Amino acid sequence: MHAIGIDIGTTNVKGVLVDLDHDAALVADASAALRWQRDGDVAEQDAAALWSAVLDVLGALRAATPDAVPSVGVIGLCGQYSSIVPVDADAEPVAPMRLYVDQRGTAPSLEVLGRHEDAFLTWVERHPIPPVGGGLALGHVLSFQLDSPRVHDRAHAYLEAGDYVAARLTGTIATTQAGAYLGQLVDNRTLDATGYDVELLRLAGVDADHLPPLLPLGSVVGGLRSDVAAVAGVAEGMPVVTPLTDSAAQAVATGADRPGRVGAVIGTTSVLLSSAPTMAADFDHELFTMPGARPDRYLVSAENGIAGRAVEHLLGAVLGRADAPGDPFDGFDASLAASPAGARGVRFLPWLSGSMSPQNDAAMRGGIVGLSLEAGRDDVVRAAAEGVAHGLRWLLGPLEAFCSEAADEVVLTGGAARSAGWVQVVADVLERPVHALADPTHSGACAAATWAAACLEAGGAPGGDEAVATQPLGRTCDPDPAAAEVHAAAQAQFTAAFEALRPLGLGRP
């Protein structure tokens, strides 16, 4: 049997076809680009264009593997979250999707806290994130309801991106406790919720009639519609399993729910992934548990902030030449090899659009410090790779304390995992073995496919010893003991630079 996995991103939709009878080997892949618009507090994406991209990907998989697609038995989904699209009863969008960086819901969210003196503690006790806006899904729903009454009147439900695609695939409008997490209206003290919390609904003032029903995690949303099946070349009625968030999918891919293992993603942003047995929050370091891919453990997804995008910007817009366009990462590993550990004292501070965990400050800005007459371009490039790794090291200590478990090994995915030099830098800076996934490019989509198949077989989301197998590992890099002292000193400089620059508020208007 084969399975299809679809990964719904902000800039593209990726799809894979995997062979479940041969260790979920990748048979085919396809992608379609997406566009989004940002203007001040507004950040939107055309939901109809997103659906067209999904259909393009399904059609491309069919064209690439006409003999294999008829044996597809399940479709799994994962993708961006805290991005909300209002839909009618047929799951057709009635307004653009508001993305996770759209800030229009911040004011109405803070008004909830202002109206009810017990609101903050109620959310901390039951969720545990209070309604503070900042791009969270609850803010999007409140903003639609209060500021766009015509849209609200036309809307049958507000859906996350993954649930929207599932609804277009099947005709069934629904979500899960995990999918509704940043809607902040579910009591997450246990992982078996299939309904919204009455008190949170009352405090928020949300119209519950516009919320999708909650299905059990890992259940079947519905069967594939006939028109979509014709595009994909698969059987009508094929089961589509409830979507995962992209963080949960990468936790499955890296095995971040295993004792002593932490998943790390270095892509546009960097994220550390782990798990915990109970709901918890560390507000000092912006660490929270959330429902993930398992029914018996919470996911811990710690957003470190912009990472690969900061390095790409440095390589292209800052160090690159406008008259010589091309891949900014050309020669990247060669530069890493040409510069010693510590980059001859150059330090790259990656907070080009604010910092997140372990210190959240949207006004924080980065830069390059420690330049000397001895330092050259290769050193600046190496400092960029090291700076992202130092950000993860800064977060790793609080994460280990939060989870009450040491991270003995790290499994890396994302664009950085394709660079042998960068994997070694991460191992050296973290002073831990780092295993790179063999195929980091498709790790989210492949995890969605294999997890969906496991859910179908188990009759729900697997947990305990039945947890889904991780994806194959590629290169493994052990930390270089000779570099430990250099990186320890650089780490102290990295955090000191944050404290020195933060009071300047360089990102404030």
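Being a predicted model, the structure only gives us computed values, none of them experimental.
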By side-chain hydrogen bond (donor to acceptor under 3.5 Å, both in side chains) - contacts of Asp102 (at least two apart):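 side-chain hydrogen bond (donor to acceptor under 3.5 Å, both in side chains) list for Asp102, sorted by chain: Arg104.
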
Can you list the residues that meet the side-chain hydrogen bond (donor to acceptor under 3.5 Å, both in side chains) rule with Glu125, with sequence neighbours excluded?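 So Glu125 forms a side-chain hydrogen bond (donor to acceptor under 3.5 Å, both in side chains) with Arg189.
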
Pairwise side-chain contact, [X] with [Y], heavy-atom cut-off 4.5 Å (strictly under):
{"X": "Ile84", "Y": "Glu160", "answer": "yes"}
{"X": "Trp123", "Y": "Leu203", "answer": "yes"}
{"X": "Leu191", "Y": "Asp296", "answer": "no"}

Roughly how far, to the nearest 0.5 Å, is the [atom2] atom of [Y] from the [atom1] atom of [X]?
{"X": "Thr289", "Y": "Asp282", "atom1": "OG1", "atom2": "CG", "result": "11.5 Å"}
{"X": "Met290", "Y": "Ser301", "atom1": "CE", "atom2": "OG", "result": "5.0 Å"}
{"X": "His313", "Y": "Leu319", "atom1": "NE2", "atom2": "CG", "result": "10.0 Å"}
{"X": "Gln45", "Y": "Tyr100", "atom1": "CD", "atom2": "OH", "result": "8.5 Å"}
{"X": "Glu303", "Y": "Leu395", "atom1": "CD", "atom2": "CG", "result": "10.0 Å"}

Is there a donor in the side chain of [X] and an acceptor in the side chain of [Y], or the other way round, less than 3.5 Å apart?
{"X": "His435", "Y": "Glu409", "result": "yes"}
{"X": "Ser443", "Y": "Thr413", "result": "yes"}
{"X": "Ser339", "Y": "Asp379", "result": "yes"}

Could you report the tightest heavy-atom contact between [X] and [Y], atom names first, then the distance?
{"X": "Gln103", "Y": "Gly135", "answer": "NE2-N, 3.9 Å"}
{"X": "Ser109", "Y": "Gly139", "answer": "OG-CA, 3.4 Å"}
{"X": "Pro295", "Y": "Ala461", "answer": "CG-O, 3.3 Å"}
{"X": "Phe288", "Y": "Pro128", "answer": "CD2-CG, 4.2 Å"}
{"X": "Gly76", "Y": "Ala452", "answer": "CA-CB, 3.6 Å"}
{"X": "Gln177", "Y": "Asn188", "answer": "NE2-OD1, 3.0 Å"}

Has Asn12 got more than 12 heavy atoms of other residues, nucleotides or ligands less than 6.0 Å from its CG?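 More than 12 heavy atoms, drawn from other residues, nucleotides or ligands, come within 6.0 Å of this atom.
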
Side-chain donor/acceptor pairs under 3.5 Å, residues 269-277, sequence neighbours excluded:
| from | atom 1 | to | atom 2 | distance (Å) |
| --- | --- | --- | --- | --- |
| Ser270 | OG | Asn304 | OD1 | 3.3 |
| Ser275 | OG | Arg297 | NE | 2.9 |
| Ser275 | OG | Arg297 | NH2 | 3.2 |

Please determine which of Leu437, Ile266, Leu430 meets the side chain to side chain contact (heavy atoms under 4.5 Å, CB included) test together with Leu412.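 Exactly one pass, corresponding to Ile266.
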
Using the ring-ring contact (aromatic ring centres under 6.0 Å, His included) criterion, which residues pair with Phe120? Sequence neighbours excluded.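 Once residues adjacent in sequence are excluded, Phe120 has no partner under the ring-ring contact (aromatic ring centres under 6.0 Å, His included) criterion.
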
Salt bridge or not for Arg502 and Glu499, using N-O below 4.0 Å?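 No salt bridge links Arg502 with Glu499.
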
So, [X] side chain and [Y] main chain: donor-acceptor pair closer than 3.5 Å or not?
{"X": "Ser357", "Y": "Glu286", "result": "yes"}
{"X": "Glu431", "Y": "Ala484", "result": "no"}
{"X": "Gln491", "Y": "His390", "result": "yes"}
{"X": "Glu400", "Y": "Ala406", "result": "no"}
{"X": "Trp451", "Y": "Val252", "result": "no"}
{"X": "Thr194", "Y": "Leu214", "result": "no"}

Extract all donor-acceptor atom pairs below 3.5 Å that involve side chains of residues 416-424 and protein atoms in other chains or at least two apart in sequence.
| from | atom 1 | to | atom 2 | distance (Å) |
| --- | --- | --- | --- | --- |
| Arg418 | NH1 | Thr441 | OG1 | 3.4 |
| Ser419 | OG | Asp333 | OD1 | 2.4 |
| Ser419 | OG | Trp422 | N | 3.0 |
| Trp422 | NE1 | Ala385 | O | 3.2 |
| Gln424 | NE2 | Asp428 | OD1 | 2.9 |
| Gln424 | NE2 | Asp478 | O | 2.9 |

Go through the steps to decide whether Leu99 and Gln80 satisfy the test side chain to side chain contact (heavy atoms under 4.5 Å, CB included), and finish with yes or no. CA-CA 9 Å; Leu99 297 176; Gln80 57 165 304; 3.4 Å; yes

Parallel, tilted or perpendicular, judged at 30° and 60°: which one describes the rings of Phe494 and Trp351?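 Ring orientation of Phe494 relative to Trp351: tilted.
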
In residues 363-370, what donor-acceptor pairs under 3.5 Å come from side-chain atoms, sequence neighbours left out?
| from | atom 1 | to | atom 2 | distance (Å) |
| --- | --- | --- | --- | --- |
| Arg365 | NH1 | Ala362 | O | 3.0 |

If the test is side-chain hydrogen bond (donor to acceptor under 3.5 Å, both in side chains), which one of Ser82, Ser83, Ser143 qualifies with Arg98?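 The passing option is Ser143.
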
